Amino acid sequence: MTTTGPRIVDLSESKPNTRRGGDLRALLTPTAVGSTSGFMGLAIMRPGESIAEHYHPYSEEFVYLVQGRLEVDLDGVTHPMRPDQGLMIPIDVRHRFRNTGDEEVRMVFHLGPLAPRPELGHVDTETAEEAAAAQGGPPQHTGAVS
């Protein structure tokens, strides 16, 4: 195993991932910094945007809401969140996020442990377009995927 030293990663170094809705930026990842226990990033959602329902079969997800107001559906039950609140989502719990306020949401997320392979880390249960249509929101970004 290769040992990696500390590394600061700027948000501008991370490509937007808009496949699930919103703008997801994975900052501290095995590829970027050599992490072995999980990865961390920032989700940015404009008013009315959502992140489509999905679950993680290998990882718990830790969320900290920095800015904005959002609702999170956990196995179909809706919970409001406001800034300075954290949330732990257990393995296999379906979840979806919606910006319900009139300002941008900024949400820090961390997942761990890592899935055996990156493509096994997320299981999508709806598309970004389906999530937007279900809430009557604006069309989601469909740009580059990292």
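Side-chain atoms are counted along with the backbone in the values below, which use heavy atoms only and exclude waters and symmetry mates. Worth saying up front: this structure is predicted, and the values here are computed from it rather than measured.
Electrostatic pairing of Arg98 and Asp73 counts as a salt bridge here, judged by a charged N lying under 4.0 Å from a carboxylate O. A salt bridge links Glu13 with Arg7: the distance from a Lys NZ or Arg NE/NH1/NH2 to an Asp or Glu carboxylate oxygen falls below 4.0 Å.
Using a 30° and 60° split on the angle between ring planes, Phe39 and Phe109 fall in the perpendicular class, above 60°.
Here the side chains of Asn99 and Ser50 are not in contact, with every heavy-atom distance at 4.5 Å or above. Put simply, the side chain of Leu74 reaches to within 4.5 Å of the side chain of Leu87, judged on heavy atoms. Side chains of Met107 and Leu70 form a contact here, defined as non-hydrogen atoms less than 4.5 Å apart. Two residues are said to be in side-chain contact when any heavy atoms from C-beta on lie closer than 4.5 Å; Phe97 and Val63 meet this criterion. A heavy-atom distance below 4.5 Å is not found between the side chains of Arg69 and Met81. Here the side chains of Arg96 and Val72 are not in contact, with every heavy-atom distance at 4.5 Å or above. For the pair Val105/Gln67, no side-chain contact is recorded, criterion being any heavy-atom separation below 4.5 Å from C-beta on.
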Any chance you could lay out the side chain to side chain contact (heavy atoms under 4.5 Å, CB included) test for Arg46 and Glu103, step after step, and finish with the verdict?
CA-CA 7 Å; Arg46 296 180 308 209; Glu103 69 175 313; over 6 Å; no

Please walk me through it: do His54 and Val123 pass side chain to side chain contact (heavy atoms under 4.5 Å, CB included)?
CA-CA 5 Å; His54 61 283; Val123 176; over 6 Å; no

Checking side chain to side chain contact (heavy atoms under 4.5 Å, CB included) for the pair Glu60/Met88: CA distance, chi angles, key distance, verdict?
CA-CA 7 Å; Glu60 296 174 327; Met88 193 282 281; 4.1 Å; yes

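Under the 3.5 Å distance criterion, with hydrogens and angles disregarded, a donor-acceptor pair is assigned to the side chains of Tyr64 and Asp84. No side-chain donor-acceptor contact under 3.5 Å links Asp23 and Thr18. For the residue pair His95 and Glu61, a side-chain donor N or O sits within less than 3.5 Å of a side-chain acceptor on the partner. Under 3.5 Å, the side chains of Glu53 and Thr125 contain a donor-acceptor pair of N or O atoms.
Considering OG of Ser59 and NE2 of His122, their distance stands at 8.0 Å, rounded to 0.5 Å. The line from CG of Asn17 to CZ of Arg25 is 10.0 Å long, rounded to the nearest 0.5 Å. Taking CD1 of Ile8 as the reference point, atom CG of Leu28 lies at 10.0 Å (rounded to 0.5 Å).
Considering every non-hydrogen atom in both Pro47 and Gly101, the closest pair reads CB-O, 3.4 Å. Between Ala43 and Ile51, the shortest heavy-atom distance links the atoms CB-CD1, 4.0 Å. When all heavy atoms are compared, the tightest approach of Ser35 to Pro30 is OG-N, 3.1 Å. Summarising the geometry of Gly121 relative to Pro57, their closest heavy-atom pair is O-CD, 3.7 Å, with the distance given to 0.1 Å. Closest approach of Gly68 and Pro83 over heavy atoms only: O-CD, 3.0 Å. Of all non-hydrogen atoms in Ala128 and Arg20, the two that sit nearest each other are CB-C, 3.6 Å.
Cluster annotation: Ile44 is connected to Val9 through the hydrophobic network of ILVMFWY side chains, with a link wherever side-chain heavy atoms come within less than 4.5 Å. A single hydrophobic cluster is not seen to contain both Tyr58 and Leu114; linkage of ILVMFWY side chains at heavy-atom distances under 4.5 Å, directly or through other members, places them apart. Leu111 is not connected to Tyr55 by any chain of hydrophobic side-chain contacts under 4.5 Å among Ile, Leu, Val, Met, Phe, Trp and Tyr, and they are in different clusters. In the hydrophobic cluster analysis, where Ile, Leu, Val, Met, Phe, Trp and Tyr join through side-chain heavy atoms closer than 4.5 angstrom, Leu24 is grouped apart from Leu11. Side-chain heavy atoms closer than 4.5 Å link hydrophobic residues (I, L, V, M, F, W, Y) into clusters, and following such links, even through other members, never connects Ile89 to Val66.
Listed for the Asp10 side chain is a donor-acceptor partner under 3.5 Å among the backbone atoms of Ser12.
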